[in-house]
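By convention in this document, chain letters (A, B, ...) are assigned in the order of the sequence lines, proteins followed by strands, and residues within each chain are numbered from 1.
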2 protein chains.
Amino acid sequence: MSKMKKLENKRQTGCPVTFGLDTFGDKWTLLIIREMMLKGMKTYSDFLAADEGISTNILADRLKHLENEGVIEKARDPENGRSFTYSLTEKGYDLAPILLEIVTWSGKHDHGPNARTSVLKKIQNDREGYEAKLRSGKPG
Amino acid sequence: MSKMKKLENKRQTGCPVTFGLDTFGDKWTLLIIREMMLKGMKTYSDFLAADEGISTNILADRLKHLENEGVIEKARDPENGRSFTYSLTEKGYDLAPILLEIVTWSGKHDHGPNARTSVLKKIQNDREGYEAKLRSGKPG
DNA sequence: AAAGTTAACTTGTGTTTTGCAAGTTGTATT
DNA sequence: AATACAACTTGCAAAACACAAGTTAACTTT
């Protein structure tokens, strides 16, 4: 019954902020979403190889959680029989505006030497078009 | 030196998503921001009394973190000599769009019986005006 | 002015979550 | 049949967290 922890823990306060954070308000969770939406990553090993170095048990837990929440879907990889692909549902793509606002905020406030701005520029250049592109399954 | 943990931990990947999450990507952190921006709460005991029940040591840690990051400011309460007030900086108010997108997402996807929609309605009715109101220090 | 009260923390302790390494299971390839 | 790859699972030590209790400083009451 340990796999149900997260769901049992769902706080039913009715507050939309709480509701959102209970679904994706975890650092690793949003990084997985970023990998999928912005970088086009699809598989377990893709996510494991991300810059930040998520550990394998946590990754498995978060993927299961996101699947339970209906944010992502798991399917067999048609091109590789021993692989699975994870993809965003509409509920998952609906997180795009949040991700883009985070990028925008960081673009304004990260004054570090190696802050990357490629995504920011796309947002500033044509936000609606960029979001539509992401929703169509094309990473950016 | 343990109080510097969070800052030392800052991952310098250059990724804007990572940068944002390292600043506010913690469930409690955004709930504190919500209390301030949406509910007008200002003091330590205000935050402690929030619905979700943050524990006192975690609250102290997050407030210090947010202060170090320049998201909030601490000052003596002019109306109560034994109290302090926490307020949002511009950097803090710049989180408004993220908060509003979270509320919007939850408004679409929370089908629970007691989902609250008062803030959502304000966003849908006049988003710019509502955000401007929040930035002026008036909660909503 | 001594005693109580409020506000903001800090400290201690037990529990939970996380990170890391290693092991397992189910395909495919050789 | 043996090897390798992909996706996990398991075990254990370390870190983060929750909860209760204690501390310090600024008022208030008696």
Contact class for Asn57(A) (heavy atom, under 4.0 Å): base, sugar-phosphate, or nothing? base
Thr56(B) near the nucleic acid: base, sugar-phosphate alone, or nothing, with a heavy-atom cut-off under 4.0 Å? base
Check this for me: does any side-chain nitrogen of one of [X] and [Y] sit under 4.0 Å from a carboxylate oxygen of the other?
| X | Y | value |
| --- | --- | --- |
| Arg34(A) | Glu52(A) | yes |
| Asp77(B) | Arg82(B) | no |
| Arg127(A) | Glu101(A) | yes |

Given [options], which nucleotide is nearest the side-chain atoms of [X]?
| X | options | value |
| --- | --- | --- |
| Tyr86(B) | dC9(C), dC17(D), dC8(D) | dC9(C) |
| Lys74(A) | dA7(C), dC8(D), dC9(C) | dC8(D) |
| Ser55(A) | dC20(C), dA8(C), dA18(D) | dC20(C) |

Please state how far atom CD1 in Ile72(A) lies from atom C1' in dA7(D), giving the value in whole angstrom units. 14 Å
To the nearest Å, how far apart are Leu63(A) CG and dA7(D) P? 10 Å
Is the shortest side-chain N/O distance from Trp28(A) to OP1 or OP2 of dT18(C) below 4.0 Å? no
Ile54(A) vs Leu31(A) side-chain heavy atoms within contact, under 4.5 Å: no
Do the rings of Trp105(B) and Phe24(A) sit parallel, tilted or perpendicular, given the 30° and 60° boundaries? perpendicular
Are Leu88(B) and Leu63(B) linked, directly or through other ILVMFWY residues, by side chains that come within less than 4.5 angstrom of each other? yes
At a heavy-atom distance below 4.0 Å, what parts of residues 40-54 of chain B sit against DNA chain C? Thr43(B), Tyr44(B), Ser45(B)
